[in-house]
Amino acid sequence: MSEINPAFVLQSIKSVSFEDREIPKLRDEYDVRVHIEQTGICGSDVHYWQRGRIGDFVLNSPIVLGHESAGTIVEVGSKVKNVKVGDRVAIEPGVPCRRCDHCRSGAYNLCDDTVFAATPPWDGTLQKYYIVAGDYCYPIPDHMTAEEGALVEPVAVAVQICKVADLRAGQTVLVFGCGPIGVLCQAVAKGYGAKKVIGVDISKSRAAFAENFGADGVYVSERSLNPNLDPVEASRENAEKILKQFGIEEGADVVLECTGAEPCIQAGIFAAKKGGTYVQAGMGKENVVFPITTACIRALNVKGSIRYTTGCYPAAVELVASGKVKPSTLITHRYKFKESLEAFEVVKEASEATLKVMISGVGV
C-alpha cells in the first residue's frame, strides 16, 4: 500500500494544488476506506473554486474537491455489515447526523449537521483514498463501470427532483435545461412512465442531445426574448409558444426548472397547468422576479429540491444498472488525476459541447 494519499486541494479562491497527504484513518467502526476510481466534476466544485462560497457554505480553510465518485472498498470498520473489502461501490457524498427530526423523517437533505464531501469545511473525494460511512456506500453490479458508479450521484439528484414533483406515470413533464441534470431528469421521468417529456434549452446542440437521450421533444428558445415586451411578458409569450408547439396548451402537469435562469423560472410558472407542480432545482441569481400572482391564481404547487433523500441512491443505482438511464452517454471529456486542473478549466469554460467531465483516480 502506498504511504501517501495524493489529493487535489482547493487552497483558496482560484488557487488549487496537489498534496501528498497521509492515508486517512477510519473515524469509527462504521466507516470504510474507498480507493477512488472515478470522479465527475459538478458545477458546485467549480463554484467553490472560483467564488469560494455557495450560500452559507464559505471556504475558510483548504478542502479537497470532488463529490461524484465511485471506487473499491479497501478497508472496513468492525461493525460494517452492508459492504466488504473488494466491493465496487457508488458513494453517497453527504452523511447526515441521523438524529435530528429531518433525518428521522427521511428528509436528511435538510440536516444542518451533514458532512458533505467538498462542501466547506469537509474534504471531498478527489484523493486516492476517501473515508465515508459504510452505509452510504452502494454496491454496483459487475456490468456497471466505475464511471457509471460515479454518475449515480447526479442521477440521484434527478431522482430527488422527480420525487419532490411527485411525478407519476401518464403525466406531461416540461424540463427547462438540457445540461446534465436537465437531461437526467428527462430520462428519469421517462423511466417513471411520463407520457410526454419536453426539454427546453437555448443551445441547439444540447437540445439535440436531449432528444436522443430521454426527451420526446425539445424546444430551442431564443437567447434574447421579444425586446418589445416587458421581460416577464416575454417569458409568458415564450411559455405559450412552447405549449403550442407540443399541443399542451392547457399546460404541463409537471415543470422541472434545472437552469436557475430568471427567464426560464418565469416561463416555467406560465407553462404549468392549473393545479400543476413546479419544482425549482437550478440555482442562478439568489433573487429573481417571480410571477407569484400567476402561481397563486393557478394554484400551483411550487417546491424546491436539493440533493437527495431516503431511497434516492438505491433507486438511482437501479435505474443505471437496468439501463433505463445511461449517464455515461453524457461524458464528453476524460482526464487523469494529475490533469485535474485542466479538467476543471474545461468545466469552467462551460462550452455547449461539454456535458460531463470525468477524472480517473490515482493508480487507476
Side-chain angles (χ1 to χ4, degrees), residues 34 36-40 42 67-73 82-84 86-94 106 109 132 134-173 175 177-199 209-218 253-254 256 258 279 281 305 307-332 334 355-356 358:
V34 184
I36 300 297
E37 295 177 359
Q38 292 288 339
T39 299
C42 173
H67 66 268
E68 299 179 1
S69 292
T72 298
I73 292 180
N82 65 307
V83 291
K84 62 184 183 301
D87 281 354
R88 301 167 61 247
V89 296
I91 301 169
E92 184 170 355
N109 59 332
V132 66
D135 56 326
Y136 278 69
C137 290
Y138 301 83
I140 59 176
D142 292 341
H143 70 270
M144 271 181 67
T145 67
E147 287 184 336
E148 290 173 321
L151 293 177
V152 165
E153 196 277 344
V155 175
V157 171
V159 169
Q160 169 68 6
I161 293 167
C162 291
K163 179 179 179 180
V164 168
D166 192 23
L167 198 152
R168 303 177 186 181
Q171 290 184 317
T172 298
V173 181
V175 182
C178 293
I181 295 301
V183 296
L184 289 172
C185 282
Q186 294 160 24
V188 170
K190 287 301 292 184
Y192 285 176
K195 177 176 65 176
K196 182 182 290 187
V197 177
I198 307 301
F209 176 87
E211 195 160 28
N212 290 322
F213 186 75
D216 295 307
V218 293
D253 296 304
V254 174
L256 308 179
C258 300
V279 178
S305 182
R307 295 177 180 168
Y308 8 77
T309 54
T310 298
C312 288
Y313 243 79
V317 170
E318 174 58 28
L319 283 167
V320 177
S322 66
K324 290 181 180 178
V325 178
K326 300 176 180 179
S328 59
T329 311
L330 277 68
I331 299 173
T332 52
R334 293 177 170 90
L355 285 173
K356 208 65 196 172
M358 305 298 296

* To do: For the pair Thr309 and Lys163, evaluate side chain to side chain contact (heavy atoms under 4.5 Å, CB included) and give the outcome as yes or no after the intermediate values.
  => CA-CA 9 Å; Thr309 54; Lys163 179 179 179 180; 2.8 Å; yes
* Asked: Which pair of heavy atoms, one from Val317 and one from Tyr138, lies closest together, and at what distance?
  -> CG2-CB, 4.1 Å
* Asked: For the residue pair Phe213 and Phe209, does the interplanar ring angle fall in the parallel (under 30°), tilted (30 to 60°) or perpendicular (over 60°) class?
  -> parallel
* Asked: So how far is it from Thr145 OG1 to Met358 CE, rounded to the nearest 0.5 Å?
  -> 8.0 Å
* Asked: For the side chain of Asp216 and the backbone of Ile198, is there at least one donor-acceptor N/O pair under 3.5 Å apart?
  -> no
* To do: Show your reasoning for whether side chain to side chain contact (heavy atoms under 4.5 Å, CB included) applies to Cys162 and Leu256.
  => CA-CA 8 Å; Cys162 291; Leu256 308 179; 4.3 Å; yes
* Lys195 side, atom NZ; Thr172 side, atom OG1 - distance, nearest 0.5 Å -> 4.5 Å
* **pair Leu319-Tyr192: side-chain heavy atoms closer than 4.5 Å** => yes
* Roughly how far, to the nearest 0.5 Å, is SG of Cys312 from CZ of Arg307? -> 13.0 Å
* Asked: Ser305 and Val279: which non-hydrogen atoms are nearest, and at how many Å?
  -> CB-CG1, 3.9 Å
* **side chain to side chain contact (heavy atoms under 4.5 Å, CB included) between Thr329 and Val183, intermediate numbers included** => CA-CA 11 Å; Thr329 311; Val183 296; over 6 Å; no
* With sequence neighbours left out, write down each residue that passes side-chain hydrogen bond (donor to acceptor under 3.5 Å, both in side chains) with Asn82, or none if nothing qualifies. => none
* Asked: Looking at Val83 and Gly134, what are the two nearest heavy atoms and their distance?
  -> CG2-O, 4.1 Å
* Determine, step by step, whether Leu151 and Glu148 satisfy the side chain to side chain contact (heavy atoms under 4.5 Å, CB included) criterion, reporting the C-alpha distance in whole Å, the side-chain angles of both residues, the deciding distance to 0.1 Å, and the verdict. => CA-CA 5 Å; Leu151 293 177; Glu148 290 173 321; 5.7 Å; no
* To do: Please answer whether the main-chain N or O of Val157 pairs with a side-chain N or O of Gln160 as donor and acceptor at a distance below 3.5 Å.
  => no
* Please answer whether the main-chain N or O of Ile91 pairs with a side-chain N or O of Tyr313 as donor and acceptor at a distance below 3.5 Å. => yes
* **Donor-acceptor contact present, side-chain Thr332 to main-chain Leu355, <3.5 Å** => yes
* Asked: Between Lys190 and Gly214, what is the shortest heavy-atom contact and its length?
  -> CG-O, 3.0 Å
* Asked: Which heavy atom in Arg168 sits nearest to a heavy atom in Gln171, and how many Å separate them?
  -> N-OE1, 2.8 Å
* **Separation between NE2 of His67 and OG1 of Thr39, rounded to the nearest 0.5 Å** => 10.0 Å
* Hey, could you give me the CG/CG distance between Asp166 and Asp253, rounded to the nearest 0.5 Å? => 11.5 Å
* Presence of salt bridge, Glu147 and Arg334, under 4.0 angstrom -> yes
* **Contact check, side chains of Pro327 and Pro154, non-hydrogen atoms, under 4.5 Å** => no
* Any chance you could measure Cys178, atom SG, to Glu211, atom CD, to the nearest 0.5 Å? => 9.5 Å
* Asked: Which heavy atom of Val159 sits nearest a heavy atom of Ala315, and at what distance?
  -> CG1-CB, 4.2 Å
